[in-house]
Novice: 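Below is a structure I'd like to ask you about.
Residue numbering restarts at 1 for every chain, and letters A, B, ... go by the order of the sequence lines. Model, not experiment: these values are computed from the prediction.
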Amino acid sequence: MIAASQRAPLDRSFFDRPVLDVAPDLLGRILVRHTEHGPIELRLTEVEAYAGPADPGSHAYRGRTDRNAVMFGPPGHVYVYFTYGMWHCMNLVCGPEDTASAVLLRAGEIITGADLARKRRTTSRRLADLAQGPARLATALDVDRSLDGSDLFPSDPAASPFRILTGAPADPATVRNGPRTGVGGEGAAHPWRFWIEHDPTVSPYRAHAPKKRR
DNA sequence: CCGACGATTCCCT
DNA sequence: GGGAATCGTCGGA
């Protein structure tokens, strides 16, 4: 069970900070996804920071487009993108506004609604696999582009598909960081992937795979 | 308009 | 370890 104190909601000011402060602070927090069949709750265990137009690894690197517009908006909103022709990935936009920075949610532990998550994640058997990787996480939480731009802190919380709770923030001594998965080029130099050490839900690291020449 | 490829996952060897 | 799946997005022509 989750202690009552861990179920207090975060507020927008949490996200209105530099992305490198927010990213590690998200570890251990609880993201709630409200579906029509009930809630799915995820304890975040692995994230990556993307630091705006100056970050070569970021979707915001070449400026604002229709796809990444939400990143350029106010903090506390959800940025969802579609990739590889079949997957979605989910980010939380950080502040200050117009810095176009966001945190990619890479992995977590499903603590409520595992049955709902399993319905979405047909290939997964073990609990630790359900949200082990950013596309798996989005699939388990039934997140797609229709949720792009969702506000974590709307005036009517009942209408929101998401909520985020304080959870049990990870002890900084257990937080590790390293290069971002799948990010190549200049962006690979930044150790902006953060995870909770020894957590079984953290996804395996994969270096960026350069396309073969032909 | 067209070609290349991606903040990935899954299955096969 | 390697390759396929699969399509929206973006940059260049």
Side-chain angles (χ1 to χ4, degrees), chain A residues 15 18-20 22-24 26-27 31 42 44-73 75 77-94 99-108 110 117-150 176-195 200-214:
Chain A
F15 293 94
V19 66
L20 292 180
V22 176
L26 277 169
L27 298 173
L31 178 71
L42 182 83
L44 296 171
T45 59
E46 180 191 354
V47 299
E48 280 175 2
Y50 287 85
D55 176 2
S58 173
H59 288 173
Y61 184 49
R62 293 174 199 282
R64 177 182 178 134
T65 66
D66 285 346
R67 174 169 80 149
N68 68 21
V70 171
M71 292 182 90
F72 288 80
H77 288 246
V78 176
Y79 165 52
V80 181
Y81 66 88
F82 179 67
T83 191
Y84 290 103
M86 57 194 119
W87 307 113
H88 294 274
C89 295
M90 173 175 179
N91 301 256
L92 303 180
V93 176
C94 295
T99 57
S101 58
V103 177
L104 172 68
L105 306 185
R106 286 200 56 92
I110 305 279
R118 276 212 180 80
K119 276 188 192 162
R120 304 283 313 164
R121 290 273 300 121
T122 53
T123 63
S124 178
R125 292 277 164 269
R126 297 167 48 245
L127 185 65
D129 294 341
L130 286 174
Q132 187 180 57
R136 290 175 172 187
L137 184 155
T139 301
L141 268 49
D142 198 11
V143 169
D144 63 25
R145 280 231 85 189
S146 71
L147 299 181
D148 183 51
S150 296
R176 294 287 172 270
N177 69 291
R180 294 174 294 186
T181 301
V183 173
E186 307 268 313
H190 299 123
W192 290 345
R193 172 179 178 246
F194 301 89
W195 67 94
T201 64
V202 171
S203 67
Y205 174 74
R206 293 181 205 286
H208 176 71
K211 203 71 169 193
K212 270 190 192 161
R213 292 211 46 200
R214 48 164 301 153

Novice: Reading DNA chain C from 5' onward, which residue's closest nucleotide shows up sooner: A:Y84 or A:R145?
Specialist: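 Residue closer to the 5' terminus by nearest nucleotide: A:Y84.
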
Novice: Give the nucleotide from the list B:dC10, B:dA7, C:dG8 with an atom nearest to the side chain of A:T123.
Specialist: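 Ranking B:dC10, B:dA7, C:dG8 by closest atom to the A:T123 side chain puts B:dC10 first.
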
Novice: Do A:Y205 and A:P179 touch side chain to side chain, with heavy atoms closer than 4.5 Å?
Specialist: yes

Novice: Distance check, C1' atoms only: B:dC5 and C:dG3, in whole angstrom units.
Specialist: 15 Å

Novice: When the distance from CG of A:L137 to C1' of B:dA7 is rounded to whole Å, what number comes out?
Specialist: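 Spelled out: CG on A:L137 to C1' on B:dA7 is 13 Å.
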
Novice: Would you indicate what A:R193 reaches in the nucleic acid, counting non-hydrogen atoms under 4.0 angstrom: base, sugar-phosphate, or nothing?
Specialist: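 Counting heavy atoms under 4.0 Å across all strands, no contact is made by A:R193.
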
Novice: Tell me if the aromatic rings of A:Y50 and A:H59 count as close, with their centers under 6.0 Å from one another.
Specialist: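 No, they do not, as the ring centres are separated by 6.0 Å or more.
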
Novice: So, do A:H208 and A:V183 sit near enough that their side-chain heavy atoms are less than 4.5 Å apart?
Specialist: no

Novice: Give the rounded distance in Å between these two atoms: CZ of A:R126 and P of B:dC10.
Specialist: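 A:R126 atom CZ is separated from B:dC10 atom P by 13 Å.
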
Novice: Given B:dC10, B:dG6, C:dA5, identify the nucleotide with an atom nearest to the side chain of A:R136.
Specialist: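 The closest nucleotide is B:dC10.
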
Novice: Within a strict 4.5 Å, meaning less than it, do heavy atoms of the A:M90 and A:V78 side chains meet?
Specialist: yes

Novice: Decide, yes or no, whether a salt bridge links A:R180 with A:E48 under the criterion of side-chain N to carboxylate O below 4.0 Å.
Specialist: no

Novice: Taking the side chain as every heavy atom from C-beta outward, state whether A:W195 and A:T45 have any pair of such atoms under 4.5 Å apart.
Specialist: no

Novice: May I ask you to evaluate whether A:R206 reaches the phosphate of B:dA7, defined as a side-chain N or O under 4.0 Å from OP1 or OP2?
Specialist: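 Looking at the OP1 and OP2 atoms of B:dA7, neither is under 4.0 Å from any side-chain N or O of A:R206.
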
Novice: Kindly indicate whether the side chain of A:Y81 and the base of B:dA7 share any N or O donor-acceptor pair separated by less than 3.5 Å?
Specialist: yes

Novice: Using a 4.0 Å heavy-atom cut-off across all strands, classify A:G57 as base, sugar-phosphate, or nothing.
Specialist: base

Novice: Any idea which of B:dT8, C:dA5, B:dA7 is nearest the A:A135 side chain?
Specialist: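 Comparing B:dT8, C:dA5, B:dA7 against the side chain of A:A135, the answer is B:dT8.
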
Novice: Return the value, rounded to whole Å, for the distance between atom CZ of A:F82 and atom C1' of B:dT9.
Specialist: 13 Å

Novice: Might you list the N or O atoms of the protein lying below 3.5 Å from N or O atoms in nucleotides 10-13 of chain C, with each pair's distance?
Specialist:
residue	atom	partner	partner atom	Å
C:dC10	OP1	A:T65	OG1	2.3

